[in-house]
Amino acid sequence: MKNLIEKLVSDALAALPPGTLGGAPPPAPAVERSRDTAHGDFACSIAMRLARSLRANPRALAQQIVAALPKNDLIEKTEIAGPGFINFFMAPAAWQAELLRVHAAGRTYGRGVSGAGRRAIVEFVSANPTGPLHVGHGRHAAYGASVANLLEADGWSVHREYYVNDAGRQMDILAASVWLRYLELCGETIRFPANGYRGEYIRPIAAALHGRQGDAFHKPANAVFAGLPPDEPDGGDKDQYIDALIARARELLAAGFRTVFDAGLTKILADIQNDLAEFGVRFDRWYSEQDLGDGRDGGPIDRALQRLRAHGHVFVQEGAVWFRAAAFGDEKDRVVIRANGQKTYFASDIAYHLDKRERGFDLLVTILGADHHGYVARVRAGLAAMGEPPESLQVPMVQFVTLFKGGEKVAMGKREARFVTLRDLRNEVGNDAARLIYVMRSNDQHLDFDLELAKKQSNDNPVYYVQYAHARIASVLKQAAERGLPFDRESGLASLALLADPQEREMMREITRWPEIIQQASEIRAPHMVVHYLRELAAAFHAYYNALPFIVDDGALRNARLALIVAARQVLGNALDILGVSAPESM
RNA sequence: GCCCCGGUAGCUCAGUGGAUAGAGCGGCCGCCUCCUAAGCGGCAGGUCGUCGGUUCGACUCCGGCCCGGGGCGCCA
């Protein structure tokens, strides 16, 4: 509907006498919904915007534009108001036509074409498989899934990906942690390292390993710990200690280290996959970091380094290979291959993003925690240096989540194993409440997640408020059918002209905003806009419900009203679907 | 020190240059012989952190400052 006005304004601008716009390219039409219905349904501020550069009187310019507007029956009238707004008042037929569109399009109503013909990859969560997902990851999952859905709804071809960080030191620490728990099962008494993963979830992994392998990996504790540097509690360095312990594990276990390593990785990754699937968050690919290669095998890291070398953007210093990141907007140069010959995490990052480009994605959306913001300039620099457009990478940041129980903060913290898992949270409040509350706030706003509010069955809880609207509509239709007055869509759609009450006009205004919400929310990756919209649409419905009866004797009026609320139900369902929240038929 | 995010009603937050700054909660006052009261209506509540600038117009853009959170490794 808004795009109709935009089209009319654009046509009017094009139809103005040559020279009126000073030869400049035609500007965007600048049409928006009027906040106050006294100002019509849509307002256009183009005259004021143009007046500056043209040094013209905005109201006079507005006059010219209005005069040039193509005739259209769906516009009841236009008026020029205030400093130069052009206000559009839609004819009832315009709303009716849009309602017909809702009924005809059904599940596809609202879809846009901004991304048509283009491919986007959305990478999100990507938590290290060293333990179960916690409540922070849940926000990433809910946000990323919703953003991906929004992009898809706006015409993009979307690929959802989880980067599995299954190589590197953290995974070695996991393997060592599993092994130590395993040794306990073999009867050894061990002191757990300060930097190990001490969560309870390690024990069943060790137990399963022990069940399969028996004592095959059993080494006496004194052989394991002999000659290691002191751990932190003994005045040593916890990192040096754990690294030495890992080296010892590799030495004692030889090929068995890999078995222990994989036992941890496999179990934890499966748990994460299962958790996310249960949460309704699906991925097209779980991209293994191991697939990036080691920099010498023709894999992505190798290819990235070759590209950088080919463009002359690397140098060697103190035995390490450096990338001239500072020449590409980063604050300093970065090491890609350490003096010990190992790739850095950064090398993996740029290689992975090059790989995404090589796979043909136009838009790379990488969702990260707010603590990773330093990463953006680096990876963009890498892309630029490799000859890829840096602006193809977009990195929405998700701020932290704080759990509350009533007024009390719930303590979290990972290594100490006190954290609340995503699974715990889901079991506590349900997927729907979790999904919606996670994306209710802007992603760059800290989120206070109140467990009690999420479970409350009242207006305070936006989940129930919105779902209740959907269920109520289903209930009305059921009631009508039970009274022998089932909804007759054909009659309803033919009688839409009967809908003239203020609440009905408000309903139509809200329902028809949905395409605009998708377009805008997708553009700025802001699923919270969908939540706000849902509340507003639900509020319009609840007000309508209280103001007027739907199941009336007059068949034409009854079916028209039912057609209206069925349209509302459709849009509520479509919007909930974007967020991965269910749309119940009854509550 | 540098970088990122935030500062809007008592609380939690919308508002990506437009007209009189909004919502939910909380507070107060009302509405169920009638389609689900998990609902609706009304009232009260604001120097949009602060100082300056840009503009026809600034909560929105720019600069300074204050406050809160986070980040600045050949860690992941």
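For the numbers below, each heavy atom of this structure counts, side chains included, while hydrogens, waters and symmetry mates do not. Everything numeric here is computed off the predicted structure, so don't read it as measured data. Each chain gets a letter, A, B and so on, in the order the sequences are listed, and its residues count up from 1.
Side-chain contact of Ser582(A) with Asp432(A): a donor-acceptor pair under 3.5 Å is present, judged by distance alone. Counting only N and O atoms by type, the side chains of Gln394(A) and Arg525(A) include a donor and acceptor under 3.5 Å apart.
Looking at heavy-atom distances under 4.0 Å, Tyr545(A) makes contact with a base. Within the 4.0 angstrom heavy-atom criterion, no nucleotide atom of any strand lies near Ala51(A). When heavy atoms are screened at a 4.0 angstrom cut-off, Asp172(A) is found touching no nucleic acid atom at all. Within the 4.0 angstrom heavy-atom criterion, no nucleotide atom of any strand lies near Asn340(A). Backbone-only engagement by Lys332(A) is indicated by non-hydrogen atom pairs under 4.0 Å involving sugar-phosphate atoms exclusively. Counting non-hydrogen atoms under 4.0 angstrom, Gln467(A) reaches nothing in the nucleic acid.
The ring pair (Phe, Tyr, Trp, His ring centres under 6.0 Å) search around Phe88(A) returns none, not counting sequence neighbours. The salt bridge (charged side-chain N to carboxylate O under 4.0 Å, His left out) test applied to Arg489(A) returns no partner, not counting sequence neighbours.
Applying the 5.5 angstrom centroid cut-off and the 30 degree plane-angle cut-off, the aromatic ring of Phe400(A) is not stacked upon the base of G70(B).
Ring centroids of Tyr287(A) and Tyr162(A) are separated by 6.0 Å or more, keeping the two rings apart.
Straight-line distance from the CD1 atom of Ile242(A) to the P atom of A76(B): 15 Å, rounded to whole Å. For Asn195(A) and C75(B), the CG to P distance is 14 Å, given to the nearest whole Å. One interatomic measurement links the two molecules: CG of Leu174(A) to P of A76(B), which rounds to 15 Å at whole-angstrom precision.
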| message | Using a 4.0 Å heavy-atom cut-off to protein, can you give one letter per nucleotide of nucleotides 5-15 of chain B, 5' to 3': B if the base is in contact, S if only the sugar-phosphate is, - if neither? | response | SS-----BSSS
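Side-chain atoms of His542(A) stay outside donor-acceptor range of the base of C40(B), with no qualifying N/O pair under 3.5 Å. Donor-acceptor pairing under 3.5 Å, judged by distance alone, is absent between the side chain of Asp349(A) and the base of A76(B).
Salt-bridge formation is detected for the pair Arg509(A)/Glu506(A): a Lys NZ or Arg NE/NH1/NH2 atom is positioned less than 4.0 Å from an Asp or Glu carboxylate oxygen. Using a 4.0 Å cut-off between a side-chain N of Lys or Arg and a carboxylate O of Asp or Glu, Asp330(A) and Arg324(A) do not qualify as a salt bridge.
Atom NZ of Lys455(A) has more than 12 heavy atoms from other residues, nucleotides or ligands within 6.0 Å. At most 12 non-hydrogen atoms from other residues, nucleotides or ligands lie less than 6.0 angstrom from CG of Asp553(A).
Residue pairs meeting the salt bridge (charged side-chain N to carboxylate O under 4.0 Å, His left out) criterion with at least one member in residues 341-350 of chain A, sequence neighbours excluded: Glu289(A)-Lys343(A).
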| field | Canonical and wobble pairing (Watson-Crick, G-U, under 3.5 Å) of RNA chain B, dot-bracket with | | value | (((((((..((((....[...)))).(((((.......))))).....(((((..]....))))))))))))....
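Note that Arg380(A) lies outside the cation-pi zone of Phe328(A), set by a 6.0 Å cut-off to the ring centre and a 45° limit from the axis.
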Would you tabulate the pairs of protein nitrogen or oxygen atoms and nucleotide nitrogen or oxygen atoms of nucleotides 28-31 of chain B closer than 3.5 angstrom?
none

